[in-house]
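Below is one structure, written out as structure tokens; the observations come after it.
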Amino acid sequence: MQEMKLTESYLNELNDVQKEAVTTINGPVMVIAGPGSGKTRVLTYRIVHLLKSQIPPWQILALTFTNKAAREMKDRIEKLVGQDAYKVWAGTFHSIFARILRVEAHRIGFPNDFSIYDTDDSKSLIKEIIKSMNLDPKVYNVGAIRSRISSAKSNLITPKMYVANNELIEQDKMNRRPMTYKIYEKYLERCQRAGAMDFDDLLLQMFRLLYQNPDNIREKYQQQFKYLMVDEFQDTNFLQYEILKLLSIYNGSQNNICIVGDDAQSIYSFRGATIENILQFANDFPEVKTYKLEQNYRSTQHIVQAANDVITFNKKQIKKEIWTDRLSGNKIKLIKGMSDTEEGRMIANAIIEQKNRYSLSNSEIAILYRTNAQSRVFEEHLRRQNIAYRIYGGLSFYQRKEVKDVLAYLRLAVNTKDDEALKRVINYPKRGIGQGTTNNLTKLADDNGISMWECLAQIQLSPRAKTSMGKFVGIIKEIQKKAVTEDAYKTALLAVKKSGIIDLFKSENSLEAQNRIENINALLDGIQEFVEDDVLDEGEDINKQERSLSNFLQTISLMTDQDNDNDQVDTLTLLSVHSAKGLEFKSVFVVGLEENLFPSYMSLSSPEQLDEERRLFYVAITRAEEILTLSYANSRYQYGQMKFNDPSRFLEEISDDNIESSITIKKKPEFATPKILGKFKPLSSNPTTPLAVGANNFQANPSNDIKIGQNVLHLKFGKGFVKSIDERRVATIVFENIAENPEKRIMLNYARLQILHD
DNA sequence: GTAGTCACTATTTGA
DNA sequence: TAGTGACTAC
């Protein structure tokens, strides 16, 4: 009975279309979900509905792109159904496939405890291959080759198919890199030999496993995963879709696959995502039922309308129009600076003004930019104004050198064939194994088709190098031994000590070294936490193995640190538009809206890429719940040169009705003091106005009314006390919330101050 | 083995 | 401008 009630209550929280999408659990379903339309809610409630319909949790496979999205989903399901949530197979494509490959990899020629190569490892290996082939590393740009290999894998193009493909070969010739296919071939060999998979391999090898179907492994997983769900389907690449098809299309299949996505938010074509998959879906699953979630619960009218305005300029799209029944709210504000510096200053001022007017906390505000390089100016001005901020998307914790070095010791202990790990630490900290020795080793290993570790036994060494090498091998063996008898934490502790990394930093005695020691300690803490985690996820196969070193290594190699936002401080967020996808803020600033920047100069040559930039802009503006401010600068420093760019075409695409006090975009630079274009409209006292909260109904008093001893409100500085006024009508006001120099001298003739009576 | 110098390049990013 | 990687000289 209780359960019945719960069932009803969760369905009642959905609108009609959402409810349909949630309760249609048989057959293929496609949900086109506009921004802010309750996509996550549909996904989670659908899983809840499956569980309530007596579907065993382990038959449900829910795939996302980020750990964060997966965690959010699991947490929400747990709130509704409890522990069963953890028996659902929910996670990122990569983590779920890695989990399966840990059990099955031996069937396709990989060890079950394969290493995972991150992008740095891949690059380092490719670099080595280029060198071994005596190719010019300037022409054979490592990054370019890596992404070429990556996209070949993502499109299921083997080296053989690569050579046979005229288009690819022609492209490589044009780029003066005709040997790319050969590098690709060697790279695959080397990964296999090292027992390592890169990120693309986690998908590719999963595909191979299902496709080659050793021991009918495909049927096993087809039988297990009867219900598939995919989030952000517009971000899937060819390979991912092929895997999904292998799992869901077969004789007797119910085709219970539900995809959720939005073609208008497809912004990752540069890493292989293709909207074709959405369009193809209806062909592959002709029975598909399509639901469009068009009601936006996030943003106020003008923002939603502006988003619609802009996206209509893209021709190729699934027709839909988002709408909202929220209040019309504020119009979009436009800020123009003469230079990038000034843009930064004006944005910082506008932020302070908004904070005071609407009593926003820092965490309700975000600044979005097209390129990360733009963050600096804003940082400077925010710091100057004493606004706490944090930047999304810097170097992740697990990418720090010292952390990776420690991990390399552990990786090597788990899988000695891991050449990239070996290269990292064989002479770090320095133990007298020089470049020459390492080069010989690499070459010998390559010539014999074995791993470097296996070569160590046979390589000829000078007596000196021999002792050093002996020491190194001893350390690794010791770590290995520890790993057998002890848990991951104790093993890692030993590795840190024996490797000499900590001693190295201790002797350095600098602030930076201190920092690195702290990071290593943080890593150790993390490992300890992993080991001591005694929360037993019911139903999962928990045995000693799960706490093993190799398991820990897998877990963290698939992690980024966008997870660690355990911030105590109230911070404003600075981030690129790409990384803002999926997030929302009360007030959003989209900055640097200039031609050649947003849209990026890289995209101007092709209409497809320009459309993607436009979708990116669409994503940017739909992050805002109530206040949206757009800005551009007449000039800015790019690559050390002053550049003059026109305002972005996207600004013109928003209809004037949605912009406060429209200005002519293409107007010549003004010489008057730049100011916020379009004044803030005084808020109505209507209590339903989203942001009108009590005292923030700011209304300036005539400056003559300001007297000594009064409490006043200033839009920029907040609440203050008038200490004195001099003969030139300059008031000295002490502001409560300003930590440094709370005393400001305010010119009353210009200031807008509201007298506070209490 | 390392410090110093020069030349080159330059979106977006998850796992 | 700023960061990186390769090369040179000790």
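If you're wondering where the values come from, they're calculated on a predicted model, not measured in any experiment. In what follows, chains carry the letters A, B, and so on, assigned in the order in which the sequence lines appear, proteins first and then strands, with residues in each chain numbered from 1. Just the heavy atoms: all of them, side chains too, but no hydrogens, waters or symmetry mates, feed the values below.
- Open room surrounds NZ on A:Lys123; 12 or fewer heavy atoms of other groups in view lie less than 6.0 Å from it.
- Rounded to whole Å, atom P of C:dA2 lies 14 Å from atom OH of A:Tyr639.
- Spacing between atom CG of A:Asp136 and atom P of C:dA6 amounts to 11 Å, rounded to whole angstrom units.
- Using a 4.0 Å heavy-atom criterion, one finds that A:Tyr637 contacts no nucleic acid atom at all.
- When the nucleotides B:dT13, B:dA10, C:dA6 are ranked by their closest atom to the side chain of A:Tyr601, B:dA10 comes out on top.
- Look at A:Asn372 and you'll find a side-chain N or O under 4.0 angstrom from OP1 or OP2 of B:dT13.
- Tested against A:Glu612 for a side chain to side chain donor-acceptor pair (under 3.5 Å), the candidates A:Arg615, A:Gln609, A:Arg614 yield a single pass: A:Arg615.
- Comparing B:dA15, C:dA6, B:dG14 against the side chain of A:Phe199 picks out B:dA15 as the nearest.
- Of the candidates B:dA10, B:dA15, B:dT2, the closest approach to any side-chain atom of A:His94 belongs to B:dA15.
- Between B:dT11, B:dT12, B:dG1, one nucleotide has an atom nearer to the side chain of A:Glu613 than all others, and that is B:dT11.
- Taking atom CG on A:Asp201 and atom P on B:dG14, their separation rounds to 20 Å, with Å as the unit.
- Taking 3.5 Å as the limit, the base of B:dA15 and the side chain of A:Ser557 contain no donor-acceptor pair of atoms between them.
- Between B:dT2 and A:Lys430, a contact under 4.0 Å exists linking OP1 or OP2 to a side-chain N or O.
- Among the protein residues, A:Arg636 comes within range of no part of the nucleic acid, since none of its heavy atoms lies under 4.0 Å from any strand.
- Put simply, A:Phe270 rests on the base of B:dT12: the two rings are less than 5.5 Å apart at their centres and nearly parallel, under 30°.
- Atom NZ in A:Lys581 sits about 21 Å away from atom P in B:dT11, given to the nearest Å.
- Both A:Tyr268 and A:Gly640 lie near DNA chain B, and the one whose nearest nucleotide falls closer to the 5' end is A:Gly640.
- Side-chain atoms of A:Arg271 lie closest to B:dT13 of the nucleotides C:dA2, B:dA15, B:dT13.
- Taking atom CD of residue A:Glu128 and atom P of nucleotide C:dA6, one finds them 14 Å apart after rounding to whole Å.
- Within 6.0 Å of CZ on A:Arg383 lie more than 12 heavy atoms contributed by other residues, nucleotides or ligands.
- Closest to the A:Thr119 side chain, of the nucleotides B:dA15, C:dA6, B:dT11, is B:dA15.
- Between the CZ atom of A:Arg370 and the P atom of B:dT11 there is a distance of 10 Å, rounded to whole Å.
- Residue contacts for A:Thr92: at a heavy-atom cut-off of 4.0 Å it reaches the sugar-phosphate backbone alone, with no base atom in range.
- Ring geometry, A:Phe270 versus A:Tyr268: the interplanar angle falls from 30° to 60°, so the pair is classed tilted.
- In this structure, A:Phe552 and A:Phe530 have perpendicular ring planes: the angle between them is above 60°, well past the 30° mark.
- Both the sub-6.0 Å distance and the 45° axial angle are not jointly satisfied by A:Lys153 relative to the ring of A:Tyr187.
- At a threshold of 4.0 Å, the pair A:Asp121-A:Arg411 counts as salt-bridged, since one of the basic side-chain nitrogens sits closer than that to a carboxylate oxygen.
- One atom, CD of A:Glu232, and another, C1' of B:dA15, lie 15 Å apart when rounded to the nearest Å.
- Summarising the geometry, the separation between CG on A:Asp198 and P on B:dG14 is reported as 17 Å, rounded to the nearest angstrom.
- Distance from the side chain of A:Gln609 is smallest for B:dT11 among the nucleotides B:dT11, B:dT13, B:dA15.
- Comparing C:dA2, B:dT12, B:dG1 by their nearest atom to the side chain of A:Thr371 picks out B:dT12.
- In the set B:dT13, B:dT11, B:dG1, B:dT11 carries the atom at the smallest distance from any side-chain atom of A:Ser603.
- Comparing A:Lys138 and A:Ala373 by the nucleotide of DNA chain B that holds the closest heavy atom to each, the one mapping nearer the 5' end is A:Lys138.
- OP1 or OP2 of B:dA15 lies within a sub-4.0 Å distance of a side-chain N or O belonging to A:Asn67.
- Checked against B:dA15, B:dT13, B:dT2, the side chain of A:Ser579 finds its nearest nucleotide in B:dT13.
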